[in-house]
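Here is the naming used below: chain letters follow the sequence lines, and residue numbers restart at 1 for every chain.
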2 protein chains.
Amino acid sequence: MDVKTLCLGVLCHCDATGYDIKKHFESAFSHFFLAGYGSIYPALAELTERGLICCDAESRAGKRERKLYRVTEEGRRAFEDALCATEPRHKVRSEFLVLLYFAQLMPTSRLTEVLDQRLGEIEATLGQLDTMERLEGDRWSPGEQFVGGFGRAILEASRNYIRQNRHLVEDTTDSGQTSGVSDLRVNAV
Amino acid sequence: MDVKTLCLGVLCHCDATGYDIKKHFESAFSHFFLAGYGSIYPALAELTERGLICCDAESRAGKRERKLYRVTEEGRRAFEDALCATEPRHKVRSEFLVLLYFAQLMPTSRLTEVLDQRLGEIEATLGQLDTMERLEGDRWSPGEQFVGGFGRAILEASRNYIRQNRHLVEDTTDSGQTSGVSDLRVNAV
DNA sequence: ACGGTCATGTAAAGTGTTACATGATTAC
DNA sequence: GTAATCATGTAACACTTTACATGACCGT
């Protein structure tokens with residue numbers, strides 16, 4: 001699934017400008033799909049060319065013109081077809097985990113920095129999710145609820161795991177040579 | 001961080017052929033980084049050209065020749081520098097969550113199929129992790145332990161969340177119109 | 001004999017990221 | 001006034017994916 005299809009999906013939900021769509025990627029989609037203007041505007045151009053969306057360059061009272069896109073009947077059908085044809089893949093690309101994997105090649109101070117930074121990002125994303133849910137959670141569709149909750153569950157699990165297991169890579173005292181109990185990973189919340 | 005750097009990382013751990021490296025991506029890295037031959041072989045060629053790795057086309061007794069690569073001193077330094085310079089990003093690209101987000105545009109049967117497929121993949125990956133840990137877990141470095149445990153924690157959290165919340169998108173009975181208690185997401189294990 | 005694994009690559013097409021370029025409107 | 005936000009795009013580059021192409025070795 002590419003950015004084009006996602007843009008079509010957003011427009012199936014409500015009319016929007018390219019700028020609005022970017023905002024949507026930054027909020028609702030932020031924890032499972034990314035896209036910048038460099039992908040979104042060309043996508044909108046191609047979708048328009050194919051007749052799946054259209055736009056009226058609206059002039060709004062006293063304000064500058066902007067392109068408000070909306071999905072066509074054909075576009076809506078195309079999106080539903082795409083949903084049925086898309087393989088439900090789930091890919092992670094984590095430089096964070098790469099760094100951790102090679103922990104013994106890094107100074108402990110750098111490791112601590114990396115772990116703290118990741119924890120900070122997780123907290124920030126969780127905060128963002130909370131804010132979104134407080135503001136508009138009561139209007140969420142079941143799908144939005146499911147995905148929002150999924151994001152929260154994964155983020156919390158990540159945070160807890162990092163907090164409880166960072167000693168594995170940060171402790172350089174090597175007191176665990178004989179593989180004592182302290183070496184067991186902790187998964188419990 | 002690109003495939004080149006990761007190949008260098010694998011070679012810092014032990015000598016390997018392109019084929020071996022692909023296997024490493026499929027096992028140890030599978031849940032946080034992907035690469036195919038189409039990325040790996042060109043990467044090895046460029047790393048060789050830059051003098052960061054080298055290979056002796058070994059002829060092994062009675063067996064076909066193969067290119068066993070090993071890291072040079074310069075390559076090892078370059079990799080350590082890369083580790084310190086790499087931003088610890090963590091990106092997810094999930095068609096699975098996209099589909100779930102647009103659940104109301106899909107037939108329930110398709111949704112069930114998607115959820116079951118994902119659960120199957122999660123179980124398969126968990127099984128793979130278990131096997132790896134049983135076979136070689138006692139030789140894992142702290143970094144490998146941390147990353148392996150992280151993968152397990154996230155996979156288990158995903159599985160539990162899906163099991164406990166799939167009704168949000170699968171129940172079409174609409175009995176929750178008045179936002180009763182049954183609408184609450186369940187996060188507990 | 002046959003299927004699976006080992007083993008190495010190339011080429012084209014598709015995709016996304018980044019930097020650049022511009023300028024109006026709004027809130028403080 | 002000025003900084004942030006709204007708003008739209010282009011072009012070059014980097015990177016990955018997919019399909020293609022080939023063939024030896026090993027176990028049964």
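Scanning for ring-ring contact (aromatic ring centres under 6.0 Å, His included) contacts around B:His24 gives B:Phe29, with sequence neighbours left out. Scanning for side-chain contact (heavy atoms from CB on, under 4.5 Å) contacts around A:Ala16 gives A:Leu11, A:Asp20, A:Ile21, with sequence neighbours left out. For the salt bridge (Lys or Arg N to Asp or Glu O under 4.0 Å) test, residues two or more places apart in sequence or in another chain that qualify with A:Glu113 are A:Arg110. Among residues two or more places apart in sequence or in another chain, the side-chain contact (heavy atoms from CB on, under 4.5 Å) test is passed with B:Thr5 by B:Met1, B:Asp2, B:Phe79, B:Ala82. For A:Phe33, there are no ring-ring contact (aromatic ring centres under 6.0 Å, His included) partners at least two apart in sequence or on another chain. Applying the side-chain contact (heavy atoms from CB on, under 4.5 Å) criterion to B:Ser141, with sequence neighbours excluded, gives A:Gln104, B:Glu144. The side-chain contact (heavy atoms from CB on, under 4.5 Å) test applied to B:Arg159 returns B:Leu119, B:Ile122, B:Glu123, B:Leu126, B:Glu156, B:Arg163, not counting sequence neighbours.
When the side-chain nitrogen and oxygen atoms of B:Lys67 are compared with OP1 and OP2 of C:dG9, one or more of them lie within a distance under 4.0 Å. Regarding contacts with the backbone of C:dG16, a side-chain N or O of B:Arg93 is found under 4.0 angstrom from either OP1 or OP2.
For the helix from C:dA1-D:dT28 to C:dC28-D:dG1, the end axes, each set by the C1' atoms of five terminal pairs, are bent relative to each other by 50° (nearest 10°).
Counting to the nearest Å, the P atom of D:dG9 and the CG atom of A:Leu44 are 8 Å from each other. Across the protein-nucleic acid pair, A:Tyr69 atom OH and D:dA7 atom P stand 13 Å apart, rounded to whole Å. To the nearest angstrom, C1' of D:dT16 lies 17 Å from OH of B:Tyr41. Remark: P of C:dG14 and CD of A:Glu46 are 10 Å apart, rounded to the nearest angstrom. Distance, A:Ile40 CD1 to D:dC6 C1': 14 Å, rounded to whole Å. A straight line from CE of B:Met1 to P of D:dA14 spans 18 Å, rounded to a whole angstrom. Protein atom CD of B:Glu49 is 14 Å distant from nucleotide atom P of C:dG9, rounded to whole Å. Here D:dC26 presents its C1' atom at 15 Å from CZ of B:Arg66, a figure rounded to the nearest Å.
A heavy atom closer than 4.0 Å to some atom of DNA chain D occurs in A:Tyr37, A:Gly38, these being the qualifying members of residues 24-39 of chain A. DNA chain D is contacted by B:Val3 of residues 3-21 of chain B, taking any non-hydrogen atom closer than 4.0 Å.
Nearest-nucleotide assignment on DNA chain D puts the 5′-proximal partner with B:Asp2, out of A:Arg89 and B:Asp2.
In the set C:dT10, D:dT8, C:dA7, C:dT10 carries the atom at the smallest distance from any side-chain atom of B:Pro42.
No salt bridge links A:Asp171 with A:Arg166; every basic N to acidic carboxylate O contact stays at or beyond 4.0 Å. Using a cutoff of 4.0 Å between basic side-chain nitrogens and carboxylate oxygens, B:Arg139 and B:Glu136 are not scored as salt-bridged.
More than 12 heavy atoms of other residues, nucleotides or ligands lie within 6.0 Å of NE2 in B:His90, so this atom counts as buried by the packing criterion.
Residue pairs satisfying the salt bridge (charged side-chain N to carboxylate O under 4.0 Å, His left out) criterion with at least one member in residues 29-45 of chain B, sequence neighbours excluded, are absent. Evaluation of the salt bridge (charged side-chain N to carboxylate O under 4.0 Å, His left out) test over residues 68-77 of chain A, restricted to residues two or more places apart or in two chains, returns A:Asp56-A:Arg70.
If you check every strand for non-hydrogen atoms under 4.0 Å, B:Lys23 touches sugar and phosphate atoms only.
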